[in-house]
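Here's the structure we're looking at; comments come further down.
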Amino acid sequence: AAATWTRCLLRNVREVCSAFKSEVVFKDCLIDYKDYPGQANINVLKFQKSSVRVEDCTIYCPDSDYKVDGIDADYLEKGVFRGNRLYGGICPGADAIDIGKGSRNILIENNIITDSVDKGVSVGEGANVVINNNIIAYCAMGVGIKDSAQAKVTRSTFYGNDFAINCYEKVPGQGGGHAEIDRCIIANSQEAPFKIDSKSSILFTNTL
């Protein structure tokens, strides 16, 4: 299937989109979950085995007792997430963008991501992503990379996060996370600029 949403307002529905083996585009949409009442853990946008573009959208997540991730994607063939603004709410374990399960050809670029209780960008389960020219602020982890995932992070600014970068093994036996950080700024981290376990690696170049 193929579908495109342009200049749409989507507010407090159970789940905006769940796409499987599809070509999906969201362009210049407002997705407002500030008043979402909860009732279950959800992903605002959920993509599996698809080709996806989400550009110039604004996503507001709620204050909720349930986990509400902004974007959750697994087994993606291609994904472009560009020019979006993602604002987190007080949701336990919530991520703004969660890329997992072997996703490839993923570009996360020119986004503003703030106030996620868990991760601004989560990369896991063998996924491989490029994260370029983003501002990520006031999250527990700016970028969390785990379980044999890889991320190249360039020209991005991290401000006020507990940890800007965290590479680790979450599931025993799945391996650590691996990151290349180039031409980034990391400032005012609440705990430390980065965190790493013995199974992971981080390469910093030209980074302040």
Side-chain angles (χ1 to χ4, degrees), residues 5 9-20 24 26 29-50 52 54 57-76 79 81 84-103 106 108 111-127 129 131 134-149 151 158 160-172 174 176-177 190-191 195 197:
W5 288 261
L9 170 63
L10 303 138
R11 178 174 288 157
N12 297 332
V13 298
R14 175 67 178 80
E15 191 168 59
V16 168
C17 177
S18 183
F20 180 71
V24 180
F26 282 85
C29 294
L30 172 59
I31 302 172
D32 184 357
Y33 273 68
K34 290 194 296 291
D35 298 320
Y36 180 71
Q39 303 168 353
N41 295 343
I42 67 165
N43 303 298
V44 175
L45 298 170
K46 173 68 176 177
F47 308 116
Q48 287 192 324
K49 297 185 178 179
S50 297
V52 176
V54 181
C57 293
T58 299
I59 299 176
Y60 289 100
C61 285
D63 294 335
S64 169
D65 292 334
Y66 295 90
K67 180 180 179 182
V68 181
D69 285 347
I71 297 168
D72 186 274
D74 293 320
Y75 306 109
L76 282 196
F81 305 94
N84 304 292
R85 297 153 300 280
L86 298 102
Y87 302 103
I90 304 172
C91 301
D95 305 323
I97 301 175
D98 185 348
I99 308 294
K101 295 183 179 175
S103 295
I106 308 300
I108 300 171
N111 303 286
I112 297 173
I113 299 171
T114 68
D115 296 292
S116 288
V117 170
D118 197 4
K119 305 175 194 72
V121 179
S122 176
V123 187
E125 302 155 316
V129 307
I131 300 169
N134 299 276
I135 296 173
I136 303 177
Y138 302 114
C139 302
M141 292 175 241
V143 177
I145 305 151
K146 58 188 185 294
D147 298 344
S148 299
F158 298 86
N161 305 287
D162 291 350
F163 301 96
I165 310 293
N166 189 1
C167 292
Y168 61 103
E169 182 182 61
K170 181 178 180 180
V171 178
Q174 295 301 305
Q190 300 302 299
E191 297 288 338
K195 186 177 181 181
D197 70 10

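In this structure, Ile113 CD1 and Phe158 CZ are separated by 9.0 Å, a value rounded to the nearest 0.5 Å. The distance from the CG atom of Leu9 to the CG atom of Leu30 is 5.0 Å, given to the nearest 0.5 Å. Here OH of Tyr138 is found 8.0 Å from CD of Gln190. Values are rounded to the nearest 0.5 Å. Distance CD1/Ile71 to CD1/Ile99: 7.5 Å, rounded to 0.5 Å. The NZ atom of Lys34 sits 8.5 Å away from atom CG of Asn12, with the distance rounded to the nearest 0.5 Å. Here Gln48 contributes atom CD and Asp74 contributes atom CG; the two are 5.5 Å apart, rounded to the nearest 0.5 Å.
A distance-only check finds a donor-acceptor pair linking the side chain of Asn134 to the backbone of Asn111 [under 3.5 Å]. When atom types are taken as modelled, the side chain of Asn161 and the backbone of Ile136 share a donor-acceptor pair closer than 3.5 angstrom. With hydrogens and angles ignored, the 3.5 Å screen pairs a side-chain donor or acceptor of Ser148 with a backbone N or O of Gln174. Judged by distance alone, the side chain of Asp197 and the main-chain N or O of Glu169 form a donor-acceptor pair under 3.5 Å.
Sorted by first then second residue, the side-chain hydrogen bond (donor to acceptor under 3.5 Å, both in side chains) pairs that include residues 90-103, not counting sequence neighbours, number zero.
In this structure, the side chains of Asp147 and Tyr168 stay at 4.5 Å or more apart for every pair of heavy atoms. At a threshold of 4.5 Å between non-hydrogen side-chain atoms, the residues Ile31 and Leu45 count as touching. In this structure, Leu76 and Ser50 have side chains that are in contact, with non-hydrogen atoms separated by less than 4.5 Å.
With sequence neighbours left out, Asp69 forms a side-chain hydrogen bond (donor to acceptor under 3.5 Å, both in side chains) with no residue at all.
Using a 4.0 Å cut-off between charged nitrogen and carboxylate oxygen, Asp32 and Arg11 count as a salt-bridge pair.
Heavy atoms from other residues, nucleotides or ligands lying under 6.0 Å from NZ of Lys67 number more than 12.
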The test is side-chain contact (heavy atoms from CB on, under 4.5 Å); show your working for Trp5 and Cys57 and say whether it passes. CA-CA 11 Å; Trp5 288 261; Cys57 293; over 6 Å; no
Worked verdict on Met141 versus Asp118 for side-chain contact (heavy atoms from CB on, under 4.5 Å): CA-CA 6 Å; Met141 292 175 241; Asp118 197 4; 3.4 Å; yes
side-chain contact (heavy atoms from CB on, under 4.5 Å) between Asn84 and Ile59, intermediate numbers included: CA-CA 8 Å; Asn84 304 292; Ile59 299 176; over 6 Å; no
What do the steps show when you test Ile42 against Tyr36 for side-chain contact (heavy atoms from CB on, under 4.5 Å), and what is the final call? CA-CA 11 Å; Ile42 67 165; Tyr36 180 71; 3.7 Å; yes
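Below 30°, between 30° and 60°, or above 60°: for Tyr87 and Tyr60 the angle between ring planes is below 30°, a parallel geometry.
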